[in-house]
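A quick note: this is a predicted structure, and the numbers were derived from the prediction, not measured.
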Amino acid sequence: MSARLQKSAGDILINEGISEQDPQKKEASFRASLTYFRTARAIYPDYPDNLLDLGTAWYHLGQYDSAWVYWQQYATLQPESPRSAENRS
């Protein structure tokens, strides 16, 4: 499996979690997305967009320190990206 395919599966779950109204289902979607993002990271550790999404999943789970770690890794790889600036604030 490719890192891109794994990341895409994680993206679907993130989007489901964002639109879900039931708090338990919302959390389950975010947690499930982590499985795909972690697999993508094992395949391609420096995949910038995957690092950004890992941070986003942790953010939605209320794990802000974990989110910050991944967003910092993203910013290191993509320092000129507007998203890097957003995540630094």
Stepwise side-chain contact (heavy atoms from CB on, under 4.5 Å) check, Phe37 with Leu51: CA-CA 8 Å; Phe37 295 140; Leu51 293 169; over 6 Å; no
Sequence neighbours excluded, the answer for salt bridge (Lys or Arg N to Asp or Glu O under 4.0 Å) partners of Asp49 is none
Taking atom CH2 of Trp58 and atom OG of Ser33, what is their separation to the nearest 0.5 Å? 9.0 Å
Could you tell me whether the side chain of Tyr36 reaches within less than 4.5 Å of the side chain of Ile12, counting heavy atoms only? no
To the nearest 0.5 Å, what is the distance between CD on Glu20 and CD on Glu27? 12.0 Å
So, for Tyr59 and Trp71, is the gap between ring centers shorter than 6.0 Å? yes
Result of checking Asn50, Leu52, Asp46 against Tyr74 for side chain to side chain contact (heavy atoms under 4.5 Å, CB included): Leu52
Any donor-acceptor pair under 3.5 Å linking the side chain of Lys7 with the backbone of Ala40? no
When you compare the side chain of Gln63 with that of Trp68, does any pair of heavy atoms fall below 4.5 Å? no
Roughly how far, to the nearest 0.5 Å, is CG of Leu13 from CG of Leu34? 10.0 Å
In this structure, CZ of Arg38 is separated from CD1 of Ile43 (nearest 0.5 Å) by 14.5 Å
Look at atom CG of Asp65 and say whether more than 12 heavy atoms of other residues, nucleotides or ligands are closer to it than 6.0 Å. no
Are side-chain heavy atoms of Gln73 and Leu77 found at a separation under 4.5 Å? no
Taking all atoms of both residues into account, what is the closest heavy-atom pair of Pro48 and Tyr44, and its distance? CD-OH, 4.4 Å
So, does Asp53 use its side chain to make a donor-acceptor pair with the main chain of Thr56 at under 3.5 Å? no
Nearest heavy-atom neighbours spanning Ser19 and Gln21: O-NE2, 3.4 Å
Spacing of CZ belonging to Arg31 relative to CG belonging to Leu61, to within rounding of 0.5 Å: 5.0 Å
Here the gap from Ile18 atom CD1 to Ile14 atom CD1, rounded to the nearest 0.5 Å, amounts to 6.0 Å
According to the interplanar angle, ranging from 0 to 90°, do the rings of Phe30 and His60 count as parallel (below 30°), tilted (30 to 60°) or perpendicular (above 60°)? parallel
